[in-house]
Every structure is written in C-alpha cells, then in structure tokens.
Amino acid sequence: MKVVCTEKSQILGSKVAKALDLPLVYSQFKAFPDGELYLKTGVLDNETLLVSSTVDNQSLVQLLLMIDACEGSEITLVLPYMGYARQDKRFNDGEPLSARAIARALSTGVSRIITVNIHEDSVLSHFRAPAEDITLAPEMARWIASLGCDEPLILAPDKGAAAFAAKIAEYGGWETDHLSKTRLSGEEVRIAPTSVDARGRDIVITDDIISTGGTLATAAGMLKDGGARSVHAACVHGVFASGGFARLAAAGLASVASSDTIESAASAYSAAGMIAAAVKK
Ligand code: R5P
C-alpha cells in the first residue's frame, strides 16, 4: 500500500504515511489556462490510501480526478473533512441533498471510506462503499489538558454538539454542559440565556466545525459577560470562513485551535494518529 494525497491534505497525508510507515507518492498539480485542473501521480501500488479533504470546490474536483488517476489500485479513501456534509437534509423544497450527491460521486472506484467527525452520521449511509467515521475526541482532550486550565468546563454550543463535548470531557475527567443555539443566518446565531454558571471558570467550547465563528463568538461573549475567567475554542474542522479566526480572536477567546483535517496555522492537533489506527484495524 502507498499513500497519495491531494494538495490541501499534503501535510496530513505525509503524517499518515509516516504513522503507518508507508511510502508517500509525490503527485504534481497544476491548472490549465482555462482554469481546469490537472494532476499526475507517481508510481502507485496495487493498494492506495488516498487522503483528501474537500475544503472547497477546487479540492473536490481534484479528489475526483485523483480517484480516477488511481484506477487499477484498490482505494481506501480517507476524507478528513467532507465539504457539503452540512446540507444533509432538504431544508426547503427544490434544494439538493448535497451531502448525498457528494457522497455518491466520491464512492465511484473506491473500496472503503474513512471520515473524521463527519457532521452527521446519517451522511455515511449515502456512500456506496463501506464507510466509517472516527472521532478526534481523544486528541482534543490531550490538547485541552495542555492548556493549563483549572478544572475546565467543556461546553457544547448546542444540544447537537453535546455528545461530542461529553466524549472529550470523559477522556479528561472534566465537567461538561451545553448551550442552546438558534441559527438566524449563515453568520449569526442566537444563544439562549443559560443556566451554566461561568463565574471564575476556565471554559473550553468544543464543536465539530468552526465556520464563520459566529456560534463560538456569540457563546464566548455570553460566557465572559457571565464572569468566565477564560474562554477557549477547540474544533475538529477549522473552516474559518469570512475571517472566522480573526472574529474569534477579536471576541477575546484565549485560544482557538483546530485539527489538520483542514490544514492551517490553527492546526494544533493532528488527525494522523487516529486515521492510522483506523486503517490498521
Ligand atoms: C453546525 O451545526 C456545526 O456543528 C457548527 O456549529 C457550525 O458549522 C458553526 O458555524 P459558525 O462557525 O459559522 O457559527
């Protein structure tokens, strides 16, 4: 087996190869003058571990091309961040079930799929190859332990994220709770007044995705007004759209961290170890 990665997952792909002690295939990427993408892989093995987050439309097309380039080799696709997973329902008439459309497209030519903290488990059923989701809760707990907080409260911004926060808290033996969020628009949310006693506490808000930062900025403001000593943010997928990272920094978060499912300077912990363990299973 050899490891292949697309451009936006080159650091994570390299770490996965190292963790599994597998050769990494160097691939070349470029665009034609009209904007169409081109790639060329090196020499493949009869089994390929393809590591590729679809962080934008360009990386999605690159992944489709890479799957095709790997034809003839049995592909295990690691999809650390799956774009379009949040449109997991038809919220209004006439909309696509985008997560299903993408899952189906990415299944062609692939034998096995591994996702990381996918937004909704139901999305896994749309793949047309065996698919499993792994969690970075242990890695995030390790990161939180390194922050030097005093008995941190692990807080989910809404009920949907409560189970993930509880899992992280379980690893550290910390207290956990959740807020109640209503989404007003793509960038704005309302957080209901909470019974969480923030006074004098170090609080770490955890979520699967930070996109615009609207959710966590609103929650952090409320917690600081409530007397929190410090508020940190930790997520799996740091999208940081529309200046999301700066929005959180400006909101007074003590730290903002994400994994490398989306590679950035905020990537404080890696998904590589958990991915390697899942591949070995
Ligand atoms: C939504 O259900 C997700 O779990 C995140 O809470 C959401 O994507 C965060 O978005 P934003 O950072 O734009 O508030």
Side-chain angles (χ1 to χ4, degrees), residues 53-57 79-92 95 97-100 102-103 115-124 126 133-137 139-140 144 153-169 176-192 194 196 203-224 231-259 261-262 264-268 271:
S53 282
T54 53
V55 304
D56 51 26
N57 293 333
L79 203 49
Y81 174 70
M82 179 187 175
Y84 291 92
R86 279 179 289 175
Q87 180 80 17
D88 58 346
K89 294 180 189 64
R90 280 205 171 94
F91 298 97
N92 297 292
E95 291 178 352
L97 210 167
S98 308
R100 180 179 64 187
I102 301 300
T115 59
V116 180
N117 287 102
I118 197 157
H119 182 61
E120 273 294 329
D121 281 347
S122 61
V123 174
L124 297 178
H126 299 310
D133 188 56
I134 60 170
T135 180
L136 292 196
E139 299 295 345
M140 288 175 63
I144 292 167
L153 171 65
I154 310 303
L155 194 61
D158 55 33
K159 207 171 171 199
F164 183 46
K167 190 113 202 124
I168 295 168
T176 185
D177 208 333
H178 68 85
L179 300 171
S180 174
K181 172 180 94 177
T182 309
R183 182 160 286 286
L184 305 175
S185 71
E187 302 201 351
E188 301 300 326
V189 299
R190 185 176 46 230
I191 306 249
T194 171
V196 171
I203 299 178
V204 185
I205 315 174
T206 57
D207 208 350
D208 60 340
I209 301 172
I210 297 176
S211 183
T212 65
T215 300
L216 269 61
T218 306
M222 177 179 268
L223 295 165
K224 286 171 71 98
V231 183
H232 300 257
C235 70
V236 177
H237 312 295
V239 175
F240 303 126
S242 312
F245 187 93
R247 183 177 187 175
L248 293 173
L253 272 288
S255 71
V256 179
S258 70
S259 81
T261 58
I262 299 176
S264 80
S267 302

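We count ligands from 1, going down the list as the structure has it; atoms in each ligand are counted the same way.
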Participant: Under 4.0 Å from any heavy atom of His119, which atoms of ligand 1 are there?
Facilitator: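 Numbered from 1, ligand 1 contributes 1 (C), 2 (O), 3 (C), 4 (O).
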Participant: So which protein heavy atom does atom 10 (O) of ligand 1 come closest to, and at what separation?
Facilitator: Arg183 NH2, 3.2 Å
Participant: To the nearest 0.5 Å, how far apart are NE2 in His178 and CG in Asp158?
Facilitator: 9.0 Å
Participant: Looking at atom 9 (C) of ligand 1, what's its closest protein heavy atom, distance included?
Facilitator: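 Going by distance alone, atom 9 (C) of ligand 1 is nearest to Ile209 O, 3.5 Å.
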Participant: Which atoms from ligand 1 have a heavy atom of Ile210 less than 4.0 Å away?
Facilitator: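 That gives atoms 12 (O) of ligand 1.
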Participant: If we only count heavy atoms from C-beta on, is the His126 to Leu97 side-chain gap below 4.5 Å?
Facilitator: yes
Participant: So, do Leu155 and Leu223 sit near enough that their side-chain heavy atoms are less than 4.5 Å apart?
Facilitator: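 A side-chain contact under 4.5 Å exists here.
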Participant: Give a yes/no verdict on whether any heavy atom in Gly244 is under 4.0 Å from an atom of ligand 1.
Facilitator: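 So Gly244 does not count as touching ligand 1.
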Participant: If we set the cut-off at 4.0 Å for heavy atoms, which region of Thr215 has an atom near ligand 1: side chain, backbone, both, or neither?
Facilitator: both
Participant: Does any N/O atom on Asp208 come nearer than 3.5 Å to any N/O atom on ligand 1?
Facilitator: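 There is such a contact, yes.
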Participant: Out of the candidates Leu248, Val239, Ile205, only one should pair with Ile210 under the side chain to side chain contact (heavy atoms under 4.5 Å, CB included) rule; please name it.
Facilitator: Leu248
Participant: Determine whether any heavy atom of Val189 lies closer than 4.0 Å to an atom of ligand 1.
Facilitator: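 Val189: no contact with ligand 1 (<4.0 Å).
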Participant: Please report the closest heavy-atom contact between Ala251 and Lys224, naming both atoms and the distance.
Facilitator: O-CD, 4.1 Å
Participant: May I ask you to check whether over 12 heavy atoms, not counting those of Phe240, lie within 6.0 Å of atom CZ?
Facilitator: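 Above 12, so yes.
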Participant: Suppose we measure from atom 6 (O) of ligand 1 to each protein heavy atom; which comes out shortest, and what is that distance?
Facilitator: Asp207 OD2, 2.6 Å
Participant: Tell me the nearest of Gly238, Ala217, Ser211 to atom 12 (O) of ligand 1, using heavy-atom distances.
Facilitator: Ser211
Participant: Out of the candidates Val236, Asn117, Val116, only one should pair with Ser259 under the side chain to side chain contact (heavy atoms under 4.5 Å, CB included) rule; please name it.
Facilitator: Val236
Participant: Could you tell me whether the side chain of Asn57 reaches within less than 4.5 Å of the side chain of Tyr84, counting heavy atoms only?
Facilitator: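 Touching, per the 4.5 Å side-chain cut-off.
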Participant: List ligand 1 atoms under 4.0 Å from Gly213, heavy atoms only on the residue side.
Facilitator: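 In order of number, 11 (P), 12 (O), 13 (O).
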Participant: Examine distances only and state if a side-chain atom of Thr218 and a backbone atom of Arg190 form a donor-acceptor pair shorter than 3.5 Å.
Facilitator: no
Participant: Select one of side chain, backbone, both or neither to describe which atoms of Arg247 lie under 4.0 Å from any atom of ligand 1, heavy atoms only.
Facilitator: neither
Participant: Give the residue and atom name of whichever protein heavy atom lies nearest to atom 8 (O) of ligand 1, and the separation in Å to one decimal.
Facilitator: Arg86 NH1, 3.0 Å
Participant: Can you find an N or O of Leu216 that's nearer than 3.5 Å to an N or O of ligand 1?
Facilitator: no
Participant: So which heavy atom in the protein is nearest atom 13 (O) of ligand 1, and how far is it from that ligand atom?
Facilitator: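 Nearest protein contact, heavy atoms only, for atom 13 (O) of ligand 1 is Thr212 OG1, 2.6 Å.
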Participant: Could you check whether any side-chain heavy atom of Met140 comes within less than 4.5 Å of a side-chain heavy atom of Lys167, counting everything from C-beta outward?
Facilitator: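 With C-beta onward as the side chain, the pair stays apart.
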